[in-house]
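See structure below.
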There are 2 protein chains.
Amino acid sequence: MAEKHELHQKGLRLTPQRELVLSAVRALGHATPEEVAEKVRQTHPGINLSTVYRNLETLENVGLVQHTHLGHGGATYHAAEELTHLHLVCGTCGSVGDAPIDVAANFVQNLSDDYGFKTDVTHFAVYGTCAACVK
Amino acid sequence: MAEKHELHQKGLRLTPQRELVLSAVRALGHATPEEVAEKVRQTHPGINLSTVYRNLETLENVGLVQHTHLGHGGATYHAAEELTHLHLVCGTCGSVGDAPIDVAANFVQNLSDDYGFKTDVTHFAVYGTCAACVK
DNA sequence: AGCGAGTTGCGAGTAATTCGCACAAGTTAA
DNA sequence: TTAACTTGTGCGAATTACTCGCAACTCGCT
């Protein structure tokens, strides 16, 4: 057998719960643990919230998902593949927009040059007011 | 009397608790509600946590303080006067550094031009790795 | 002084996340 | 294929960070 499951490659066991959590994150784009749990329950109703939390953490450790803080309390998770955008959180309507990371390239460069600070653009929440709410 | 207390000017009552919360925020630079409470207790030991939370909220409503989310769970508050910098949160050591807002001017402009998104730079947490931890 | 709305303290209530543990399931090797 | 080992799951309790309701209090006005 040439192919191993991606979870096996990371040294993790392949359980239905774990696969479902991962695919839920991928399907949802970005979601809170609660939302992931809800999504997973569509195919695996008995799943426990703790299991979702633990798997999100585990998957984050091996780099398959990542979390961001979008301003309010909870963290939101998204798949590692689509770390190509940053999040624009609107403080008025609560919507979350995307923007390609290169709009920040200059900014990141400034921080690196002037402060030696390596910005993690993917873990980036930008707070403000979206175009729709500005009106 | 020509002068009114700044809290009076905002239509708030002047209570020792309220004053202490405000000056604690100013003294601390940026702090969690918990840290503010601790600071206040140095001069007013009996203060209740609820009171701190309520005053932070009240003071925020009248624009004397503001809060930011620095990546982990809780909010941190800082005085409105010193909204002249953004926060560089180090994911490795947890330290919070400052940088003047103009390093982001270009970035903010980009978002405004390309997406109509008005970034609130003061409510801004930048996540990454600080110079000390990069080494 | 005295009145009334705004505040405080306190305790209960909530929401989100973590932990400990016993049992079940995925893997590996024989 | 099966026994044995190890990791993962479910569940309930524990924790943490806040919020709320309410009675007592006090600030600011007359």
Side-chain angles (χ1 to χ4, degrees), chain A residues 1 3-25 30-41 43-62 64-65 67-77 94, chain B residues 1 3-25 30-41 43-62 64-65 67-77 94:
Chain A
M1 55 185 256
E3 303 262 357
K4 279 183 78 179
H5 188 103
E6 62 183 326
L7 292 176
H8 278 178
Q9 290 178 6
K10 300 291 185 175
L12 300 177
R13 282 199 188 163
L14 183 61
T15 68
Q17 293 89 330
R18 189 163 286 164
E19 269 195 291
L20 287 166
V21 167
L22 179 55
S23 66
V25 170
H30 44 68
T32 63
E34 207 64 52
E35 290 164 341
V36 171
E38 197 181 317
K39 176 83 180 176
V40 172
R41 274 197 264 269
T43 37
H44 189 113
I47 197 170
N48 194 282
L49 241 195
S50 311
T51 301
V52 173
Y53 277 103
R54 278 184 297 223
N55 276 326
L56 287 172
E57 193 187 321
T58 304
L59 292 171
E60 183 159 31
N61 284 339
V62 298
L64 287 171
V65 306
H67 80 274
T68 315
H69 294 278
L70 257 36
H72 34 285
T76 55
Y77 287 82
Chain B
M1 53 186 261
E3 303 262 358
K4 282 182 75 179
H5 190 103
E6 61 183 327
L7 292 176
H8 279 179
Q9 290 177 6
K10 300 289 186 178
L12 299 177
R13 279 205 193 156
L14 183 62
T15 67
Q17 292 89 334
R18 185 114 75 202
E19 268 195 292
L20 287 166
V21 167
L22 179 54
S23 66
V25 170
H30 42 68
T32 63
E34 208 63 53
E35 289 164 341
V36 171
E38 198 180 316
K39 176 81 180 177
V40 172
R41 274 197 263 271
T43 36
H44 189 114
I47 198 169
N48 195 280
L49 239 196
S50 313
T51 301
V52 173
Y53 277 104
R54 279 184 297 223
N55 276 325
L56 287 171
E57 194 187 319
T58 304
L59 293 171
E60 182 159 32
N61 284 338
V62 298
L64 286 171
V65 305
H67 80 274
T68 314
H69 295 278
L70 257 35
H72 35 283
T76 55
Y77 287 80

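What you see below is based on every heavy atom in this structure, not just the backbone, and it leaves out hydrogens, waters and symmetry mates. Proteins get letters first, then strands, A, B, ... in listed order; numbering begins at 1 in each.
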Exercise. Do A:Arg13 and D:dG8 share a donor-acceptor pair, side chain to base, under 3.5 Å?
Worked result: no
For this session: Figure out the NZ/C1' separation between A:Lys10 and C:dG26, and round it to whole Å.
Result: 20 Å
Seminar exercise, completed: For A:His30 and A:Glu35 the tightest heavy-atom approach is O-OE1, 4.2 Å
For this session: Hey, which sits more toward the 5' end of DNA chain D by its nearest nucleotide, B:Leu49 or B:Thr15?
Result: B:Leu49
Exercise. With respect to the phosphate group of D:dT9, does any side-chain polar atom (N or O) of A:His44 fall under 4.0 Å of OP1 or OP2?
Worked result: no
For this session: Look at the side chain of B:Thr51 and decide which nucleotide, out of C:dT8, D:dT9, C:dT27, has an atom nearest to it.
Result: C:dT8
Exercise. Under 3.5 Å, is there an N or O donor on one side and an acceptor on the other linking the side chain of A:Arg54 and the base of C:dT18?
Worked result: no
Exercise. CD of B:Gln17 versus P of C:dC10: gap in Å, rounded?
Worked result: 11 Å
For this session: Return the nearest nucleotide to the side chain of A:Ile47; candidates are C:dT8, D:dG10, C:dT27.
Result: D:dG10
For this session: With DNA chain D as reference, determine whether B:Leu12 or B:Glu57 sits nearer its 5' end, using the nearest nucleotide of each.
Result: B:Glu57
Problem set entry | Heavy-atom pair with the smallest gap, counting every atom of B:Pro33 and B:Ala75 | CD-O, 3.4 Å
Problem set entry | Spacing between B:Tyr53 atom OH and C:dA15 atom P, to the nearest angstrom | 17 Å
Seminar exercise, completed: Nearest heavy-atom approach of B:Val65 to B:Leu56 is CG2-O, 3.8 Å
For this session: Of all the heavy-atom pairs spanning A:Lys10 and A:Val62, show the shortest one and how long it is.
Result: NZ-O, 3.4 Å
Exercise. Has the side chain of B:Ser50 got a donor or acceptor that lies under 3.5 Å from a partner of the other kind on the base of D:dC18?
Worked result: no
Seminar exercise, completed: Between CG of B:Leu56 and P of D:dA17 the distance, given in whole Å, is 15 Å
Which pairs would a plain distance check flag for residues 44-51 of chain B, meaning a side-chain donor or acceptor within less than 3.5 Å of a matching protein atom at least two apart in sequence or in another chain?
{"unit_1": "B:Asn48", "atom_1": "OD1", "unit_2": "B:Ser50", "atom_2": "N", "d": "2.8"}
{"unit_1": "B:Asn48", "atom_1": "OD1", "unit_2": "B:Ser50", "atom_2": "OG", "d": "3.0"}

Problem set entry | Touch class at under 4.0 angstrom, heavy-atom based, for B:Arg18 against every strand present | sugar-phosphate
Problem set entry | Gap between atoms CG and C1', on A:Asn55 and C:dT17 respectively (whole Å) | 15 Å
For this session: Could you state the atom-to-atom distance from CD of B:Glu38 to P of D:dA17 in whole Å?
Result: 13 Å
Exercise. Quick one: A:Leu14 CG to D:dG8 C1', roughly how many Å, whole number?
Worked result: 12 Å
For this session: Round to the nearest Å and state the distance from B:Tyr77 atom OH to D:dA17 atom C1'.
Result: 12 Å
Exercise. Mapping B:Asn48 and A:Pro33 onto DNA chain C by nearest heavy atom, which one lands closer to the 5' end?
Worked result: B:Asn48
